[in-house]
Amino acid sequence: QVHLVESGGGLVQAADSLRLSCVVSGRSSSSYVMGWFRQAPGKGREFVAAISWTGTTMYVDSVKGRFSISRDNAKSTVYLQMNSLKPDDTAVYYCAAGDTFVRARTDYTYWGQGTQVTVSS
């Protein structure tokens, strides 16, 4: 069984930075495409960023230039560096693992429990 555990969320002010971490256990994270999704109150879960086995990345347009996804396969950990945070970034952020380099959440098999990020104006 694969388990994903996120950490690093919190309450910050607009323009601040946060780094989220996702530790993968049960199987090496290098076996998977890793993604970050988020869900704001009253909204659906949306794609934020993904990183392939080779390090190729993709982002939703709203975070391009502000967020950066990376992975350390030796530590089985995936990161989401979030800079210049905005109130609209407030959401529960989820880490996910899958087999294809896509944005669709239905293609990701394993999910973490989520970590809350709140950005005040």
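For clarity, every value in this text was computed on a predicted model and none was experimentally measured.
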**Message:** Quick one: does any side-chain atom of Arg66 pair with a main-chain N or O of Ser84 as donor and acceptor, under 3.5 Å?
**Reply:** yes

**Asked** Nearest heavy-atom pair of Cys95 and Met34: which atoms, and what distance?
**Response** SG-CE, 3.6 Å

**Message:** Does either side chain, that of Thr77 or that of Asp72, offer a donor lying less than 3.5 Å from an acceptor on the other one?
**Reply:** no

**Request:** Kindly give the heavy-atom pair with the smallest separation between Ser120 and Pro87, and that separation in Å.
**Result:** C-CG, 4.4 Å

**Request:** Validate the cation-pi geometry between Arg45 and Trp111: distance from NZ or CZ to the six-membered ring centre under 6.0 Å, angle to the ring axis within 45°.
**Result:** yes

**Message:** Quick check on the 6.0 Å ring-centre criterion: do Phe37 and Phe47 meet it?
**Reply:** yes

**Request:** Tell me whether Tyr108 is reachable from Tyr59 by hopping between hydrophobic residues (I, L, V, M, F, W, Y) whose side-chain heavy atoms are closer than 4.5 Å.
**Result:** yes

**Request:** Report the distance from atom CE of Met58 to atom NZ of Lys64, rounding to the nearest 0.5 Å.
**Result:** 10.5 Å

**Prompt:** Hey, what do you get for OG1 (Thr56) to CD1 (Ile51), rounding to the nearest 0.5 Å?
**Reply:** 8.0 Å

**Fill in**
Rounded to the nearest 0.5 Å, the CG atom of Leu80 sits from the CZ atom of Arg38 at a distance of 9.5 Å

**Prompt:** Listed by chain and number, what are the side-chain contact (heavy atoms from CB on, under 4.5 Å) partners of Ser7, not counting sequence neighbours?
**Reply:** Ser21

**Item:** Side-chain H-bond candidate by donor/acceptor type, Tyr79 with Arg19, under 3.5 Å
**Value:** no

**Least distance between heavy atoms, Tyr110 atom then Gln1 atom** = CE2-NE2, 4.2 Å

